Amino acid sequence: MSSKEQINMNALPSHIAIIMDGNGRWAKEKGRLRVFGHQNGVKAVRDTVEAAAELGIQHLTLYAFSTENWNRPKFEVSALMELLVATISKETKTLMENNIRLNAIGDLSQLPKSCYDELQVAMEKTKGNSRMTLHLALSYSARWELTNAAKLIATKVKDNLLAIEDINENVIADCLTTKGFPDPELLIRTSGEYRISNFLLWQIAYAELYFTDKLWPDFRSTDLYDAIVDFQNRERRFGMTSEQVSV
Ligand code: FPP
C-alpha cells in the first residue's frame with residue numbers, strides 16, 4: 001500500500017508547519033551556487049502545497065526566511081527576495097484556481113518594498129479563499145514574535161486596558177502573528193538537522209516533530225504523506241496518561 005493510501009482521512013493534522021532546509025547543500029552537491037538550490041526549492045513548495053490542499057489540510061506554514069537569514073551574504077538575500085516576489089506573483093493565479101488563501105507572518109516591515117507590495121496584493125486577492133491557508137513565515141523568528149507580544153501586552157497594561165491578573169495563555173496567543181489560527185500539530189524539518197531554529201516556539205508546544213534526511217529541493221508529496229502516516233501512528237497524550245487518551 002502506498003503511503004497516501006495509508007493516510008486516515010478522518011485524522012488529518014489541521015495544521016502542518018515545515019522548516020524547509022537543505023537548499024544550499026543540495027546545490028553544492030551539484031557543484032552549483034546556493035541560489036540554484038533555492039530556485040529548485042520552489043518546485044518542492046509547489047508540490048507540497050498542492051498535495052496538502054488536495055488532502056484537505058487546513059493550514060500549511062512554510063518557514064521561507066528567518067530573521068537570522070538577513071545575515072546571509074547580500075547576494076543570496078537579494079536573490080531569495082527576488083525569487084519570493086517572482087514566485088508569489090506567478091503563483092497567485094494557481095492559488096486562486098485552487099481556492100487557497102495566502103497569509104504571511106513575520107516582521108514584514110523589514111522586507112524590500114517590492115516583496116512587501118507583492119505579498120499584500122496576493123493576500124488581498126486570495127483573502128476570500130477557504131480550502132486551505134498557506135502561511136509564509138518571512139523575516140520571522142519566534143523570539144522576535146514573543147518580544148513583540150510582550151511589548152503589546154505591556155502597552156495594554158500601561159494604558160489600563162488589561163489587568164496583570166488577566167494575562168493568560170489566550171492573551172499571549174492573541175498577541176502572536178498566528179492569532180486566530182490553530183497551532184501546528186505536525187512540524188516537519190528536512191535535511192537531517194534536528195533543530196527548531198527559532199520557529200513557532202510558542203505554537204509547537206504539543207506538535208509532533210518529524211525529521212527527514214531529504215534535502216528540501218527533493219521533498220515531494222510522497223514525503224509529506226510519509227510524515228502524515230508517521231504522525232497518525234503516534235499517541236498524542238498532551239501530558240495525560242496513555243489510558244486516559246485511549247478511552
Ligand atoms: C533553507 O535552506 C532554505 C531557505 C532559507 C529558503 C527557502 C526558500 C525557498 C524554498 C524558495 C521560495 C519559497 C517560497 C515559499 C516561494 P538553506 O539555504 O539553509 O540550505 P543549507 O542548510 O543546505 O545551507
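Bear in mind that the values here come from a model prediction, so they are computed numbers and not experimental data. Order of appearance sets the numbers: ligands from 1, and atoms from 1 within every ligand.
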Note to self: Is there a polar contact between ligand 1 and W26, counting only N or O atoms under 3.5 Å apart?
What the structure shows: no
Next item on the list: Check each of R72, E76, E91 against atom 18 (O) of ligand 1 and report the one with the nearest heavy atom.
Entry: R72
Notebook entry, point to check: Where does L215 meet ligand 1, judged by heavy-atom distances below 4.0 Å: at the side chain, the backbone, both, or neither?
Noted result: neither
Note to self: Below 4.0 Å from ligand 1: does a non-hydrogen atom of S191 turn up there or not?
What the structure shows: no
Check: What part of L84, side chain, backbone, both or neither, has a heavy atom within less than 4.0 angstrom of ligand 1?
Finding: side chain
Margin query: I'd like to know whether the aromatic ring centres of F181 and H135 sit less than 6.0 Å apart in this structure.
Written below: yes
Check: Among protein heavy atoms, which sits nearest to atom 1 (C) of ligand 1, and what does the distance come to when rounded to 0.1 Å?
Finding: M20 O, 3.1 Å
Next item on the list: State, without any angle test, whether D226 and S3 hold a side-chain donor-acceptor pair at a distance under 3.5 Å.
Entry: yes
Margin query: Run the side-chain contact (heavy atoms from CB on, under 4.5 Å) test on N69 and V77 for me, step by step, so that the C-alpha distance in whole Å, both residues' side-chain angles and the decisive distance to 0.1 Å come before the verdict.
Written below: CA-CA 8 Å; N69 286 153; V77 171; over 6 Å; no
Margin query: Taking R220's backbone N and O only, do any of them form a donor-acceptor pair with D223's side chain (distance below 3.5 Å, no angle check)?
Written below: yes
Checklist line | H59 and H15 aromatic ring geometry - parallel, tilted or perpendicular at 30°/60° bounds | finding: tilted
Notebook entry, point to check: How does K28 reach ligand 1, if at all, at less than 4.0 Å between non-hydrogen atoms: by side chain, backbone, both, or neither?
Noted result: neither
Notebook entry, point to check: Should the pair D230-R234 be classified as a salt bridge under the 4.0 Å nitrogen-to-oxygen rule?
Noted result: yes
Notebook entry, point to check: Do the ring planes of Y194 and F211 sit parallel (below 30°), tilted (30 to 60°) or perpendicular (above 60°)?
Noted result: tilted
Item checked: Sub-4.0 Å atoms of ligand 1 with respect to non-hydrogen atoms of L136 -> 15 (C)
Check: Testing N40, D218, D21, T190 for side-chain hydrogen bond (donor to acceptor under 3.5 Å, both in side chains) with W26, which one passes?
Finding: D218
Margin query: Among all the protein's non-hydrogen atoms, which is closest to atom 10 (C) of ligand 1, and how far away is it?
Written below: N23 ND2, 3.6 Å
Next item on the list: Pull out every atom of ligand 1 sitting under 4.0 Å from any heavy atom of T87, numbered as shown with elements.
Entry: 16 (C)
Note to self: I want to know if ligand 1 touches N69 in the polar sense, i.e. an N/O pair below 3.5 angstrom.
What the structure shows: no
Notebook entry, point to check: Can you list the ligand 1 atoms lying under 4.0 Å from a non-hydrogen atom of R25?
Noted result: 21 (P), 22 (O), 23 (O)
